[in-house]
Amino acid sequence: MVNGNIVEPLCLSVLKRCKNLRSVKQVHAHIVKTGISDAFVTGNLILHCAVLISDALHYAHSLLHHFPNPDAFMYNTLIRGFSDSDHPYHSLTTFIDMRRNSDNSPDSFSFAFVLKAAANLRSYTTGIQLHSQAIFYGLDTHLYVGTTLVSMYAECGWISHAGKVFDKMFEPNIVAWNAMITAYLRCCDVRGAEKLYKQMPVRDLISSNIMLAGYMKFGELQFAKKLFFHEMRLKDDVSWSTMIVGFSHNGCFDEAFDLFVESQRLGLRSNEVSLTGILSVCAQAGAFEFGKVLHGYIEKSGLVWITSVNNALLDTYSKCGNINMAQLVFKRMPGKKSIVSWTTMVAGLAMQGYGEVALKVFHQMEESGIKPDGITFISVLYACSHAGLIDHGDRYFSMMKNHYGIEPTFEHYGCMVDLYGRAGDLQKAYNFITQMPIKPNAVIWRTLLGACSIHGNVDLAEEVQKTLSELDPNDSGDHVLLSNIYAVAGKWKDVLTVRKSMHCQRLTKTPGWSMIEVDKVMYSFVAGEKQNEVTDEAYKKLGEIMLRLRVDGGYVAEVNGSVLHDIEEEEKEDAVATHSEKLALAFGMSRLCDGGVIRIVKNLRVCKDCHTVMKLVSDIFRLEIVLRDRSRFHCFKDGCCSCRDYW
DNA sequence: ATAGGGTTAG
């Protein structure tokens, strides 16, 4: 005869150690055999399946439904599990099920969990219905329920409702205050959040971290750093990560690097968030060597198991132009690949022009059971347009709408315009724009203007520019592009007219910059600058390189595609000669040890002359150059470029 | 046996 009082705690201690559904099922089978499946044990089983391990919610659901009279704990736990799953909607159905088919009244736990689901669904109508039920049960002023209500309304964008709930709470504690401050920040009211922060009776570290993130999010960077972060008496790893991520999002690479190095110097252990943040900086800036150092650190720390860290690493390698390392990270990723992992891999391959491989990875993603979302399809369409796969592009665009039910956004339409335009079918691109169900924005028209530039279609370019000057008259890039199209067509009078109108409107060209990493330090170059030791070194080397290109490569500067055509021929050549990517290249070659790869990141599109120079250099100097420009990667090797001169 | 507030990659 088995004594349940002894077997039960034993089963529960075994259950605690179960990491997957298979082992939970074994324990469950044992429990059934020994006949101890009471409410307590079943409740624990449900808790384990719904909350503690992943991919077992369906089992938790069936456990509840096979139990004669499920208690409130079982229902609450299942509601909780669904609220943070991919299907928060099932929280609501479980809540309704609890009310309809059981004798249990919803308690403060039920409301806290089900409101979380409403928040995750961003469903204001659901939220307000649950709110009215909470009032019915007298739970709307309950500390936990009230706090979740505040968060829910904030998530749905109803700051006034959040405020009303907060004001009705009897004795809001620090957590409730923090929720209310977060609510203001969610709704972009920094001053409101600040006012509340100052009114708080007691603050802890978390309150300060909330405000810190708020200041960073809304661009008050220097205030956040000097007058807030530095003044915080207590800082934890979240404070540091918040700063690093904030600077990264705002494009302040130096500040982010400095803070990361500083935190290391202080002996602080970096967590997965600061690492993903600093890796994102490496990705944006093209800091390959620094990224490799971080990779080594990640391998040694326990962080190698975290999916987000691997995704950031994958993106770093891919944006630094090392697709082999990116693929290696992707292949060897411990743990499950998320939708972000797959999308990042597709985007990385697409950027390098490996359209077919990118599409293959996309199909593997579908086979693995992960459903692509809108961002995945941006990468897929981008892969098609950059590899000239027009039919594929058409197919995936309709697959996205019809098979996956994803509504196209401006970015998807932009990819399609790019797909047709880049391939030379300008008429199709134009028709596509006029037939879009949403009003095309400036970016869409600008894409067509870019295609006009590639294919030298002056008439269409003029028409597009007319539309653009109404939509976004202050974009200097459009004027520059149009004047380039005129220049290539030899219409110098029109070039001058555009130049003059730009001058009258006080529009200046976005300065081009390029960055290159040498010995884990990033150096940036701006066209035409002449000032310090670094640029002196670059100029000196550039002179030597160009001389050799003229002698050994028969090089003659190509100035037609240049942006400076209203100046004298000789000056033109000089201006093109000092484009930032050439300076970065020269500096890299000056500092490079044998057999290295030159990696350059540029903020604008590479110009035609620089492209030619890079090809020649890769041939004559036997060098590999990886250049990331605004739209894609160019890998120069043996005198050829991976873009096949089409960009 | 159950909860609410802070930083996270495409």
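The chains referred to below are lettered A, B, ... by the order of the sequence lines, with proteins before strands, and numbering in each begins at 1.
Comparing B/dG5, B/dG4, B/dT7 by their closest approach to the side chain of A/Asn178 singles out B/dG5. Of all nucleotides listed (B/dG4, B/dA9, B/dG5), B/dG4 comes nearest to the side chain of A/Asn173. In the set B/dA9, B/dA1, B/dG5, B/dA1 carries the atom at the smallest distance from any side-chain atom of A/Asp71. Checking B/dG10, B/dT8, B/dT2 against the side-chain heavy atoms of A/Val245 singles out B/dT8 as nearest. With B/dT7, B/dT2, B/dA1 as the candidates, the nucleotide lying closest to the side chain of A/Val238 is B/dT7. The side chain of A/Phe73 lies closest to B/dT2 when the candidates are B/dG4, B/dT8, B/dT2. The side chain of A/Arg80 approaches B/dT2 more closely than any other nucleotide in the set B/dT2, B/dG10, B/dT8.
When heavy atoms are screened at a 4.0 angstrom cut-off, A/Ile210 is found touching the sugar-phosphate backbone but no base atom. Here A/Thr242 lies in heavy-atom contact (under 4.0 Å) with sugar-phosphate atoms only. Residue contacts shown for A/Asn76 include a base, since a base heavy atom lies under 4.0 Å away. Counting any heavy atom pair closer than 4.0 Å across all strands shown, A/Asn310 reaches no nucleic acid atom. When heavy atoms are screened at a 4.0 angstrom cut-off, A/Ser280 is found touching no nucleic acid atom at all. Heavy atoms of A/Thr147 sit under 4.0 angstrom from at least one base atom. Contacts of A/Thr376 with the nucleic acid, taken as non-hydrogen atoms under 4.0 Å apart, include base atoms.
In this structure, A/His249 reaches the B/dA9 phosphate: one of its side-chain N or O atoms is under 4.0 Å from OP1 or OP2.
Between the base of B/dG5 and the side chain of A/Asp204 there is a donor-acceptor pair shorter than 3.5 Å. Between the base of B/dT8 and the side chain of A/Thr276 there is no donor-acceptor pair shorter than 3.5 Å. Evaluation of atom-type donor-acceptor distances gives a pair under 3.5 Å for the side chain of A/Ser308 against the base of B/dT8. Within 3.5 Å, a donor on the side chain of A/Ser108 pairs with an acceptor on the base of B/dA3, or the reverse. One can find a donor-acceptor pair under 3.5 Å joining the base of B/dG10 and the side-chain atoms of A/Thr343. On a pure distance criterion of 3.5 Å, no polar donor-acceptor pair joins the side chain of A/Ser341 and the base of B/dG10.
Rounded to an integer number of Å, the gap from A/Arg186 CZ to B/dG4 C1' is 13 Å. With rounding to whole Å, A/Met243 atom CE is found 13 Å from B/dT8 atom P. Between A/Leu63 atom CG and B/dA1 atom P the separation is 19 Å, expressed in whole Å. Rounded to an integer number of Å, the gap from CZ of A/Phe247 to P of B/dT7 is 17 Å. For the pair A/Leu314 CG and B/dG10 P, the interatomic distance rounds to 10 Å; values are reported in whole Å. Rounded to whole Å, the distance from CZ on A/Phe260 to P on B/dT7 is 20 Å. Note: CG (A/Leu45) to P (B/dA1) measures 16 Å, nearest angstrom. Look at CG on A/Leu143: it is 12 Å from P on B/dG5, rounded to the nearest Å.
Aromatic ring centroids of A/Phe111 and A/His142 lie 6.0 Å or more apart.
Separation of atoms CG (A/Asn101) and CG (A/Asn69) is listed at 11.0 Å; rounding is to 0.5 Å.
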Please evaluate residues A/Asp84 and A/Lys116 with respect to the criterion salt bridge (charged side-chain N to carboxylate O under 4.0 Å, His left out), reporting the C-alpha separation (whole Å), side-chain torsions for both, the decisive distance (0.1 Å), and the verdict. CA-CA 8 Å; A/Asp84 263 329; A/Lys116 184 81 189 295; 3.3 Å; yes
Test log, rule side chain to side chain donor-acceptor pair (under 3.5 Å), inputs A/Asn271 and A/Ser274: CA-CA 6 Å; A/Asn271 61 17; A/Ser274 56; 3.1 Å; yes
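Between A/Tyr413 and A/Phe397, the angle of the ring planes goes over 60°, which puts this pair in the perpendicular group of the 30/60° scheme. Between A/Trp342 and A/Phe330, the two ring planes are perpendicular [angle over 60°; tilted spans 30° to 60°].
In this structure a side-chain-to-backbone donor-acceptor pair under 3.5 Å is present from A/Asn104 to A/Pro70.
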